[in-house]
Chemist: 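Structure in structure tokens, see below.
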Amino acid sequence: MEYGFAFFPGQGAQAPGMGKDLYDNSQAARQVFEEASEGAGIDVRKLCFDSDKDTLSRTENSQIAIFTHSMAALAALSEAGVTFKAAAGFSLGEYTALAAAGVVTLADGVKIVSMRGKLMQQAADAADSGMAAILGLEDEKIESACAQVTSGVVRPVNYNCPGQLVIAGERAALDEAIENCKAAGARRALPLAVSGAFHTPLMAKAAAELRAFLSDFTFAAPRMDIYSNLDGEVLSCADLPAHLEQHMVSPVRWTQLVQNGMAAGLSTSCEIGPGKTLTGFASKISKELVCHPVQDMAGVKAAAGLE
């Protein structure tokens with residue numbers, strides 16, 4: 001069975017016990033966990049299966065856990081005969097998409113996301129910052145509400161789907177932007193349980209350090225198209241260190257990405273890894289986009305048409 005898009009979730013999708021069903025019931029998934037543990041130099045199985053919510057929520061832990069779970073689910077899908085025409089991932093998920101397309105190996109992928117998580121955690125610890133989802137307000141009004149802020153850095157960062165945009169920044173600036181959004185008619189403003197203002201200029205130092213770290217890696221040509229968060233277009237992979245540096249400080253343009261894929265005929269998809277967030281976004285972006293969540297063996301079997 002072939003689908004259009006392989007979608008990979010980003011940070012926030014982690015949960016205790018993630019991936020254990022795949023590990024217990026798929027040889028291919030079990031091998032991913034073992035290789036990831038070896039590449040990262042930690043027991044990723046223990047991190048995913050035995051950690052509590054707070055431990056998994058730390059950026060340095062959640063990124064490697066989500067990446068590994070997603071790659072394990074992809075391996076189980078491949079084992080069941082499922083293939084994809086293109087890959088895309090939300091924020092962190094773009095790294096999973098690179099691995100899924102063969103641009104980076106699994107071993108290199110866990111090293112890279114592990115370093116990314118550590119650098120972003122350091123940046124988050126260095127500033128009192130956060131993120132919030134603004135619901136029920138047009139993108140342009142949210143952009144204007146952020147632009148009017150005078151108390152610090154705050155930016156629109158995650159263009160999730162129509163009617164939902166995440167903003168991020170320094171705490172005082174974020175609070176001011178939230179009040180501006182409410183005054184402009186936002187239905188709700190929900191603070192997110194994350195440790196920093198990701199995809200903003202507050203990540204600039206971490207992004208530069210990541211680019212330097214990436215200079216030691218070798219990247220292969222992609223085996224399938226990868227749609228990037230940065231602009232919603234197919235990624236050229238010409239200068240990945242520079243691209244991924246910019247990726248860390250720029251908004252996630254998920255709505256545009258999905259719409260571009262739909263225009264190219266990619267109307268079926270699987271959300272591969274923990275959670276169902278991207279499946280929810282898909283239904284709001286286009287009623288014509290079919291998305292199957294695959295986070296356990298039941299999801300694998302359903303996507304492969306085995307149930």
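Everything numeric here is computed off the predicted structure, so don't read it as measured data. These values consider heavy atoms only, across backbone and side chains, with no hydrogens, waters or symmetry-generated copies.
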Chemist: Quick check: does any side chain N or O of Q14 sit under 3.5 Å from a backbone N or O of I66, one acting as donor and the other as acceptor?
Modeler: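 It does not hold such a pair.
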Chemist: Distance from E170 atom CD to T200 atom OG1, nearest 0.5 Å?
Modeler: 8.0 Å
Chemist: Where do A36 and V110 come nearest, in terms of heavy atoms and distance?
Modeler: CB-CG1, 3.7 Å
Chemist: Do you see a donor-acceptor pair shorter than 3.5 Å between the side chains of Q121 and D125?
Modeler: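 Their side chains do contain a donor-acceptor pair, which is all the 3.5 Å distance test asks for.
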Chemist: Fit a plane to each ring of F90 and F281, take the angle between them on a 0 to 90° scale, and name the class: parallel (under 30°), tilted (30 to 60°) or perpendicular (over 60°).
Modeler: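 Aromatic pair F90/F281 classed tilted.
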Chemist: Rounded to the nearest 0.5 Å, what's the gap from SG on C146 to CD1 on I178? Could you check?
Modeler: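 The CD1 atom of I178 is 9.5 Å from SG of C146, to the nearest 0.5 Å.
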Chemist: Same hydrophobic cluster for L266 and I226, using side-chain heavy-atom links shorter than 4.5 Å among ILVMFWY?
Modeler: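 Cluster IDs for L266 and I226 differ.
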Chemist: Would you check if the side chain of E271 reaches a backbone N or O of L278 as a donor-acceptor pair within less than 3.5 Å?
Modeler: yes
Chemist: So, the side chain of S78 versus the backbone of L74: is there a donor-acceptor pair under 3.5 Å, distance only?
Modeler: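 No, S78 side chain to L74 backbone: no donor-acceptor pair under 3.5 Å.
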Chemist: Give a yes-or-no answer on whether the side chains of H247 and S228 include a donor-acceptor pair shorter than 3.5 Å.
Modeler: no
Chemist: I'd like to check E176 versus V154 (side-chain heavy atoms, cut-off strictly below 4.5 Å). Are they in contact?
Modeler: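 No, every pair of side-chain atoms sits at 4.5 Å or beyond.
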Chemist: Could you tell me which non-hydrogen atom of A173 sits nearest to which non-hydrogen atom of S151, and how far apart they are?
Modeler: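 Heavy atoms only, the tightest pair is CA-OG, 3.3 Å.
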Chemist: Judged by atom type as modelled, is there a donor-acceptor pair below 3.5 Å linking the side chain of D225 to the main-chain atoms of A86?
Modeler: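 Not a single qualifying donor-acceptor pair exists.
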Chemist: Begin with the C-alpha distance, continue with both residues' side-chain angles, and end with the deciding distance and a verdict on salt bridge (charged side-chain N to carboxylate O under 4.0 Å, His left out) for K205 and E209.
Modeler: CA-CA 6 Å; K205 182 174 181 290; E209 291 176 355; 2.7 Å; yes
Chemist: Take F217 and L240 through the side-chain contact (heavy atoms from CB on, under 4.5 Å) test and state the conclusion after the steps.
Modeler: CA-CA 10 Å; F217 289 85; L240 274 179; over 6 Å; no
Chemist: Looking only at side-chain N and O atoms, does S57 offer a donor or acceptor that is under 3.5 Å from a partner on D54?
Modeler: no
Chemist: Would you please test T83 and M1 for side-chain contact (heavy atoms from CB on, under 4.5 Å) and show each step?
Modeler: CA-CA 6 Å; T83 59; M1 172 131 5; over 6 Å; no
Chemist: Does the side chain of F219 come within less than 4.5 Å of D108's, by heavy atoms?
Modeler: no
Chemist: Is the backbone of V44 close enough, under 3.5 Å, to the side chain of S37 for a donor and an acceptor to pair up by distance?
Modeler: yes
Chemist: Find out whether L244 and Y95 are in side-chain contact, i.e. whether some heavy atom of one side chain is under 4.5 Å from a heavy atom of the other.
Modeler: yes
Chemist: Rounded to the nearest 0.5 Å, how far apart are CZ of F8 and SG of C270?
Modeler: 9.5 Å
Chemist: Do Y23 and E34 come close enough that some side-chain heavy atom pair is under 4.5 Å?
Modeler: yes
Chemist: Is there a side-chain contact between P274 and P9 (heavy atoms, below 4.5 Å)?
Modeler: yes
Chemist: Find the distance between OG (S26) and CG (D296) and round it off to the nearest 0.5 Å.
Modeler: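 Separation between the atoms: 12.0 Å.
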Chemist: Using atom types as modelled and distance alone, determine if a side-chain donor or acceptor of S70 lies under 3.5 Å from a backbone N or O of F67.
Modeler: no
Chemist: Looking at side-chain heavy atoms only, is the closest gap between M71 and T96 below 4.5 Å?
Modeler: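 In short, these two side chains touch, coming nearer than 4.5 Å.
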Chemist: Please give me the minimum heavy-atom distance between V157 and A168, naming the atom from each residue.
Modeler: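 For V157 versus A168, the nearest heavy atoms are CG2-CB, 3.8 Å.
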Chemist: Could you check I167, D139, L190, N180 and say which one makes a side chain to side chain contact (heavy atoms under 4.5 Å, CB included) with I134?
Modeler: I167
Chemist: Once rounded to the nearest 0.5 Å, what's the spacing between atom NZ of K284 and atom CD of Q164?
Modeler: 7.0 Å
Chemist: Can you tell if the side chain of R155 reaches within under 4.5 Å of the side chain of P251, non-hydrogen atoms only?
Modeler: no
Chemist: Do you know the tightest heavy-atom contact between G89 and N229?
Modeler: O-ND2, 2.7 Å
Chemist: So which heavy atom on V166 is nearest to which on L192, and how close?
Modeler: CG1-CD1, 3.8 Å
Chemist: Please confirm whether the backbone N or O of V249 pairs with a side-chain atom of H199, one donor and one acceptor, at under 3.5 Å?
Modeler: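 No, H199 side chain to V249 backbone: no donor-acceptor pair under 3.5 Å.
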Chemist: For F49 and F33, take the angle between the two ring planes, folded into 0 to 90°, and tell me which bin it lands in: parallel under 30, tilted 30 to 60, perpendicular over 60.
Modeler: tilted
Chemist: From Y159 OH over to L257 CG, what is the distance, rounded to the nearest 0.5 angstrom?
Modeler: 14.5 Å
Chemist: Are E288 and S267 close enough that a side-chain donor and a side-chain acceptor fall under 3.5 Å?
Modeler: no
Chemist: Using modelled atom types and a 3.5 Å cut-off, is there a donor and acceptor pairing between side-chain atoms of T255 and backbone atoms of C161?
Modeler: yes
Chemist: Which atom names give the shortest non-hydrogen contact between F5 and A88, and what distance separates them?
Modeler: CE2-CB, 3.9 Å
Chemist: Please say yes or no: joined through hydrophobic side-chain contacts below 4.5 Å, possibly via intermediate residues, are V252 and F7 part of one cluster?
Modeler: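 Yes; F7 is reachable from V252 via cluster members.
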Chemist: Should N260 and E233 count as side-chain neighbours, where that means a heavy-atom distance under 4.5 Å?
Modeler: yes
Chemist: With a 3.5 Å cut-off and no angle check, do the side chains of S144 and E140 form a donor-acceptor pair?
Modeler: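 No, no side-chain donor-acceptor pair sits under 3.5 Å.
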Chemist: For the residue pair T59 and Q11, confirm or rule out a side-chain donor-acceptor distance under 3.5 Å.
Modeler: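 A donor-acceptor contact under 3.5 Å links the two side chains.
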